[in-house]
Amino acid sequence: MNVAARPFAPILSTLMVESITLRNFKGYSDCKIENLRRINLVVGDNGSGKTALLEALFLAAGATPELVLRARQWRGLEGAFSGSQDAVSEAIWADIFHLFRTNKSAYVGLKGKGEENRSVTVIMNAPGSIRVIPPPRDQSAKTPKQQSDLPPIEFKYEVQGLGIRTVVPSFTENGIRFNELPRSYVRSAFYAANQTAPGSEMASNFSTLSKRFDSARFSTLLHDLFPDIKNPSIEISAGQPLLFVTATGIPKRMPIGLASGGSNKLAAILLSIAVMEGGLVIVDEIENGLYYRRIPDIWRAIIKFAAEYNCQIFASSHSSECIRSLAEIAAESPDE
């Protein structure tokens, strides 16, 4: 799991994101998606922009461009860089812009009922760029100032009621650093299609539930979906805390990832929903690793947990079984 939240920032207690607007962002020239609900499934052919849409949502919600670097790694791109600052900036950031049109800003906007009314505008400055800064309105007679040596890239976050905060990446000996981030964010977690949730993060999320006496719902639901797996707990393995379970026919408790890849994935998603109350859980290719006959019950479990913990779900899928299952279940909970 890749979590955008940081512990020192305030958590939003309400949702939802009701619409998303993208302009000049990756595969999107100009796009607006409205009437979003608690459960949202993105469907399309390979290369149609499903993952880019989910990444845009995560970037705008999380309030840090470091999420762009994570997304590169999820797509299999290396995290180490060398070369001039301009060359590295071009390599890292240029693909944010539709058709690599870096002379025009990229924009992702979210609309909702509260501070999820937010946006990020990405501006890539050409080497040697000069910006003209007009004088204040009450001093209009003054000569406009010129600002040179602009940073290669700027991320301008605007949050309802909090104004605009500009985040500028800088290159250091230890990698890329970011200046002070906006103090508000929408709690969110992203599951990439080609990655397994880290065991330590699953253990941490289960521990959070356990400490507030709220782990029984998760344990019961997991057992209902995977009857051979029960009694989850946190155990230490080679010095690391992991989520262990009892599996039918196995004489020792074992990490859930060894018991079943499908149960491991679903456990990660459900635990994330439970600790992201009032936020977003984003899952790319949600059907990966799940047996097709289990998918209807898995959707019902996700819908149930999302409602109980006031969490909004955005997922993508290539699977016809996954799509048909959710379409049928939607009739049971049309408002969701």
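Because only heavy atoms are used, hydrogens play no part in the values below, and waters and symmetry mates are left out as well, while side chains stay in. All residue numbers in this chain count up from 1 along the given sequence. Given the structure is predicted, the values throughout are model-derived calculations rather than measurements.
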*Show your reasoning for whether side chain to side chain contact (heavy atoms under 4.5 Å, CB included) applies to M202 and N264.*
CA-CA 9 Å; M202 291 178 62; N264 183 72; 3.6 Å; yes
*Working for salt bridge (charged side-chain N to carboxylate O under 4.0 Å, His left out), residues E336 and R38*: CA-CA 5 Å; E336 298 289 0; R38 186 180 303 279; 2.7 Å; yes
*Just do the side chain to side chain contact (heavy atoms under 4.5 Å, CB included) check on L271 and L243 with the steps written out, would you?*
CA-CA 11 Å; L271 287 170; L243 183 66; 4.1 Å; yes
*Could you walk me through whether R294 and D297 pass salt bridge (charged side-chain N to carboxylate O under 4.0 Å, His left out), step by step?*
CA-CA 6 Å; R294 294 186 185 270; D297 289 336; over 6 Å; no
_Pair E34-K32, salt bridge (charged side-chain N to carboxylate O under 4.0 Å, His left out): steps then yes or no_ = CA-CA 6 Å; E34 299 180 288; K32 187 171 184 178; 3.6 Å; yes
*Please walk me through it: do T166 and E154 pass side chain to side chain donor-acceptor pair (under 3.5 Å)?*
CA-CA 7 Å; T166 300; E154 299 174 84; 5.1 Å; no
*Show the numbers, then the answer: is there a side chain to side chain contact (heavy atoms under 4.5 Å, CB included) between S272 and Y309?*
CA-CA 10 Å; S272 183; Y309 289 99; over 6 Å; no
*Could you walk me through whether F100 and D95 pass the side chain to side chain contact (heavy atoms under 4.5 Å, CB included) test, one step at a time?*
CA-CA 6 Å; F100 295 88; D95 67 297; 3.7 Å; yes
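The nearest pair of heavy atoms linking A189 to M276 is CB-CE, 4.1 Å. In plain terms, the two heavy atoms of S200 and L242 that are nearest each other are N-CD2, 4.1 Å. Across L280 and A61, no two heavy atoms sit closer than the pair CD1-CB, 4.0 Å. Looking at every heavy atom in both residues, R253 comes nearest to P232 through NH2-C, 3.9 Å.
Remark: L110 CG to E18 CD distance equals 11.0 Å, nearest 0.5 Å. Between L99 atom CG and S29 atom OG the span is 7.5 Å, to the nearest 0.5 Å. One distance of note links CG of L41 with CD1 of I286; it measures 7.5 Å at 0.5 Å rounding. A distance of 14.5 Å separates CZ of R187 from CD of E116, quoted to the nearest 0.5 Å. A distance of 12.0 Å separates NZ in K156 from CZ in R165, rounded to the nearest 0.5 Å. Atom CG in L270 sits 11.0 Å away from atom CG in N205 (nearest 0.5 Å).
Using the six-membered ring where Trp is involved, F305 and F218 have ring planes that are tilted, between 30° and 60° apart. Aromatic ring orientation, F190 versus F58: tilted (interplanar angle from 30° to 60°).
Taking hydrophobic clusters as Ile, Leu, Val, Met, Phe, Trp and Tyr residues chained together by side-chain heavy-atom distances below 4.5 Å, V167 shares a cluster with V186. Under the 4.5 Å side-chain contact rule for hydrophobic residues, I303 and I323 share a cluster. No continuous path of hydrophobic side-chain contacts links I153 to V168 [ILVMFWY only; heavy atoms under 4.5 Å]. Connection of I33 to Y107 is not established within any shared hydrophobic cluster, with ILVMFWY side chains joined at heavy-atom distances below 4.5 Å, either directly or through further cluster members. Note on F244 and L225: separate hydrophobic clusters, where clusters join Ile, Leu, Val, Met, Phe, Trp and Tyr whose side-chain heavy atoms are under 4.5 Å apart, directly or indirectly.
The environment of CZ in R212 is crowded: more than 12 heavy-atom neighbours from other residues, nucleotides or ligands sit within 6.0 Å.
Proximity of W93 to T102: side-chain heavy atoms (C-beta onward) are nowhere separated by under 4.5 Å. In this structure, S219 and F206 have side chains that are in contact, with non-hydrogen atoms separated by less than 4.5 Å. Considering only heavy atoms from C-beta on, I329 comes within 4.5 Å of E332 through its side chain. Annotation: side chain of L36 is not in contact with side chain of M16 (no heavy-atom distance under 4.5 Å).
Counting only distance, with no hydrogens or angles, the side chain of S325 and the backbone of E321 share a donor-acceptor pair below 3.5 Å. A distance-only check finds a donor-acceptor pair linking the side chain of Y28 to the backbone of G49 [under 3.5 Å]. In terms of modelled atom types and a separation under 3.5 Å, the side chain of H98 and the main chain of F25 share no donor-acceptor contact. Side chain of R118 to backbone of A60: a donor-acceptor contact under 3.5 angstrom is found. Counting only distance, with no hydrogens or angles, the side chain of N24 and the backbone of K104 share a donor-acceptor pair below 3.5 Å. Using a distance-only test at 3.5 Å, with no hydrogens or angles considered, a donor-acceptor pair links the side chain of W299 to the main chain of C322. Panel note: side chain N40, backbone I313; a donor-acceptor pair is recorded below 3.5 Å. Panel note: side chain S260, backbone I256; no donor-acceptor pair is recorded below 3.5 Å. At distances below 3.5 Å, not a single donor-acceptor pair connects side-chain atoms of S105 with backbone N or O atoms of V122. Using modelled atom types, no side-chain atom of N231 and backbone atom of V245 make a donor-acceptor pair closer than 3.5 Å.
Side-chain atoms of E235 and S237 include no donor-acceptor pair closer than 3.5 Å. Looking at Y191 and N288, their side chains never bring a donor and an acceptor atom within 3.5 Å of each other. Side-chain contact annotation: K50 with H318, donor-acceptor N/O pair under 3.5 Å present.
Classification of E328 and R324 as a salt-bridged pair fails, no side-chain N sitting under 4.0 Å from a carboxylate O.
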